[in-house]
Amino acid sequence: MPHFASPLAAFVLFALAAPASAVDFASQVQPILVKHCAQCHGEEKGLGKLRLHTAEAIAASPHDDLLVAGKPEASELFERITLPADDKKRMPKGADPLPAETIELLKQWIAEGAKFTGVDVPALAPAEPEPRQTDEQAAAAAAEEAKLAAELAAELAAVQPASAEAIAAVTEAGGTVLPLFAGSPLLDVSFAQAGSPPGDEAIAALAGIADQVASLNLAGAQATAAGLAPLAKLTHLERLHLERSNIDAAGLAHLAGKRHLAYLNLYDAPLGDDALPTLASLPRLRRLFLWNTQVSYDGAMGLRAGNPQLAVDMGWNHPRVVRERLAGDVERLKATVAEATTQVDELQKRLEAAKTARDAAAEQLATIEAEIAALDQPAPGAEATSAAEPAETPAAE
């Protein structure tokens, strides 16, 4: 009988292999983040400038790699919760590791696009696909990158600490100044906690620490193009936040040719294609945010022709981004339909074969059972013959 059960088993396995329903942020993900993360990264406390208690707080995170839609392994959140238990960077800090099923749920959520379903916040834009390169181009790019990295490392090794007076001047202008990492002369400067948007005066205060600034947050800055001139002196700048600022192409030009700059956030800034020459002059730029700017899609993607490692984020709602995302969904769903159709056809053939085998076996079974029943019946006339025979006559004495 094992053959008759195999089609049913195949159907059960097929059903179990079907994709699970999409993970819902509001009912499944948010409760996990509130329970395990919000104590340190919530409404009352935001360690590391990170809050995870609401979708809005997550979307506003300054950590660009916190969630990379469709790529759990590239997302810092997933990396942190899967580190070894004895790793100091593992989260939740000071608590037991998250259960395996919880980690798997968060992984599935990110893989599905880290969508904020159930709340009124747009999903993250998917990571831009890497442009194709020939082996020769890839090798040349790797060699150039290695050469540049060596040169930059040598430059950074020669940086001297900033003076206490210069740091105090930035603090008085509303900035927060911290070492980039313990013992480093490089600095992380942020005006995010200032009482008012940084302007020409605050930016001018950076002159005294121009050689040491590696990370700078000027989000919301309201400065003149001339007032942004001190940015040209920040020779070792690696990360720059200018989202929601009033920077235009003339102000952005002060960043031209910066060899260290790898991250630049220009979200919601009044920039157009006149900013492209400056952006194209940044050889080490790897992450560029142009959401809600007037930079054209073709112009932004054109930057990658000369910088294949550059990832450009045009925003989840850009018409071209939406079209590409939907086109990708169409191709993925077509492949799923084709694969499922092949499986259904195969299962149908196996089901028909099983039915044929069942009917043949049932017919053969009926024949055999009939033969057995016939053997159990006495031969016709056997009883009558036995009754007519006389009793045995005793032998004569």
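Just so we're clear, the structure is a prediction, and the values are computed from it rather than from any experiment. Numbers here are sequence positions counted from 1.
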| Is a side-chain donor or acceptor of Trp109 paired with a backbone partner of Phe25 at a separation under 3.5 angstrom? | no
| query | Rounded to the nearest 0.5 Å, what separation is found between the CG atom of Leu271 and the CG atom of Asn292? | reply | 12.0 Å
| query | Hey, does Asn307 have a side-chain heavy atom less than 4.5 Å from the side chain of Gln309? | reply | yes
| field | Ser27-Asp24 side chain donor-acceptor pair, cut-off 3.5 Å | value | yes
| Shortest non-hydrogen contact between Val170 and Ala205, atoms and distance | CG2-O, 3.4 Å
| When the aromatic ring centroids of Tyr263 and His241 are compared, is their separation below 6.0 Å? | yes
| message | With side-chain contact (heavy atoms from CB on, under 4.5 Å) as the criterion, how do Thr341 and Val337 come out once you've worked through the C-alpha distance, each side chain's angles and the decisive distance to 0.1 Å? | response | CA-CA 6 Å; Thr341 300; Val337 170; 3.9 Å; yes
| message | Using modelled atom types and a 3.5 Å cut-off, is there a donor and acceptor pairing between side-chain atoms of Ser75 and backbone atoms of Val68? | response | yes
| Minimum heavy-atom distance Pro230-Ala226, with the two atoms named | CD-O, 4.3 Å
| message | If I compare all heavy atoms of Ala55 with all of Phe116, which pair ends up nearest, and what's the gap? | response | CB-CD2, 3.5 Å
| Looking only at heavy atoms, what is the nearest atom pair of Leu282 and Leu255, with distance? | CD2-O, 3.2 Å
| field | Check: Glu352/Gln348 side-chain N/O donor and acceptor closer than 3.5 Å | value | yes
| said: With a 4.0 Å cut-off on N to O distance, would you call Glu76 and Arg80 a salt bridge? | reply: yes
| message | Taking the side chain as everything from C-beta on, heavy atoms only, tell me whether Val330 gets closer than 4.5 Å to Lys334. | response | yes
| query | Do Tyr297 and Leu276 share a hydrophobic cluster, counting only Ile, Leu, Val, Met, Phe, Trp and Tyr and linking them when any side-chain heavy atoms are less than 4.5 Å apart? | reply | yes
| request: Could you check Lys355 against Leu351 for side-chain contact (heavy atoms from CB on, under 4.5 Å), going step by step and ending with a plain yes or no? | output: CA-CA 6 Å; Lys355 286 181 178 179; Leu351 179 60; 4.0 Å; yes
| query | Does the side chain of Leu83 reach to within under 4.5 Å of the side chain of Lys89, using non-hydrogen atoms? | reply | yes
| said: Taking Glu79's backbone N and O only, do any of them form a donor-acceptor pair with Arg90's side chain (distance below 3.5 Å, no angle check)? | reply: no
| Taking side chain as C-beta onward, heavy atoms only, is Leu33 less than 4.5 Å from His53? | no
| said: Counting neighbours of CD on Gln222 that are heavy atoms of other residues, nucleotides or ligands and sit closer than 6.0 Å, is the number greater than 12? | reply: yes
| query | Do the side chain of Arg286 and the main chain of Leu310 share a donor and acceptor less than 3.5 angstrom apart? | reply | no
| message | Check for me, please, whether Ile110 and Ile32 land in the same ILVMFWY cluster - side-chain distances under 4.5 Å, paths through other members count. | response | yes
| request: Given side-chain contact (heavy atoms from CB on, under 4.5 Å), test Trp291 with Met314 step by step and report yes or no. | output: CA-CA 4 Å; Trp291 194 358; Met314 297 295 291; over 6 Å; no
| message | Could you tell me if the side chain of Leu252 sits less than 4.5 Å from the side chain of Leu279, heavy atoms only? | response | yes
| message | Checking the side chain of Asp273 only, and the main-chain atoms of Ser296 only, is there a donor and an acceptor separated by less than 3.5 Å? | response | yes
| said: Quick check: closest heavy atoms across Ile209 and Ala162, and the distance to 0.1 Å? | reply: CG2-CB, 3.6 Å
| Cluster overlap Val23 with Leu66, hydrophobic side-chain contacts below 4.5 Å | yes
| Reported CD-to-CD distance for the pair Glu104 and Gln108, which is rounded to 0.5 angstrom | 7.5 Å
| field | Residue pair Leu237, His260: steps toward the side-chain contact (heavy atoms from CB on, under 4.5 Å) verdict | value | CA-CA 6 Å; Leu237 186 63; His260 289 264; 5.8 Å; no
| Separation of Cys37 SG from Leu77 CG (nearest 0.5 Å) | 6.5 Å
| Connected via hydrophobic side-chain network under 4.5 Å: Met301 and Leu288 | yes
| said: So, taking the atom named CD in Glu238 and the one named CG in Leu261, what distance separates them when rounded to the nearest 0.5 Å? | reply: 9.0 Å
| Counting only N and O atoms by type, is there a donor-acceptor contact under 3.5 Å from the side chain of His41 to the main-chain atoms of Leu47? | yes
| query | So, do Arg304 and Val312 sit near enough that their side-chain heavy atoms are less than 4.5 Å apart? | reply | yes
Under 3.5 Å, sequence neighbours excluded: what are the donor-acceptor pairs made by side chains of residues 172-197?
| residue | atom | partner | partner atom | Å |
| --- | --- | --- | --- | --- |
| Ser184 | OG | Leu186 | N | 3.0 |
| Ser190 | OG | Ala192 | N | 3.1 |

| Would you say the ring centroid of Tyr267 lies under 6.0 angstrom from that of Phe289? | no
| Hydrophobic clusters join Ile, Leu, Val, Met, Phe, Trp and Tyr when side-chain heavy atoms are under 4.5 Å apart, directly or via other members; which others share one with Ile372? | Ile368
| Is there a donor-acceptor contact under 3.5 Å from the side chain of Lys258 to the main chain of Leu285? | no
| Euclidean distance, Lys71 NZ relative to Asp65 CG, rounded to 0.5 Å | 11.0 Å
| query | Val29 and Ile103: same hydrophobic cluster, using ILVMFWY side-chain contacts below 4.5 Å? | reply | yes
| In terms of heavy-atom contacts, does CG of Asp345 have more than 12 from other residues, nucleotides or ligands at under 6.0 Å? | yes
| message | Using a 3.5 Å distance criterion without hydrogens, assess whether the side chain of Thr102 forms a donor-acceptor pair with backbone atoms of Leu98. | response | no
| said: Return the NZ to CG distance between Lys115 and Leu67, rounded to the nearest 0.5 Å. | reply: 14.0 Å
| request: Quick one: closest heavy-atom pair of Thr224 and Gly227, and the distance? | output: OG1-N, 2.8 Å
Under 3.5 Å, side-chain donor or acceptor atoms of residues 210-220 against the rest of the protein: list the pairs with distances, not counting sequence neighbours.
| residue | atom | partner | partner atom | Å |
| --- | --- | --- | --- | --- |
| Asp211 | OD1 | Thr235 | OG1 | 3.1 |
| Asp211 | OD1 | His236 | ND1 | 3.3 |
| Gln212 | NE2 | Gln160 | O | 2.7 |
| Asn217 | OD1 | Ala219 | N | 2.9 |

| task | Answer yes or no: are there more than 12 heavy-atom neighbours, outside Glu73 itself, under 6.0 Å from its atom CD? | result | yes
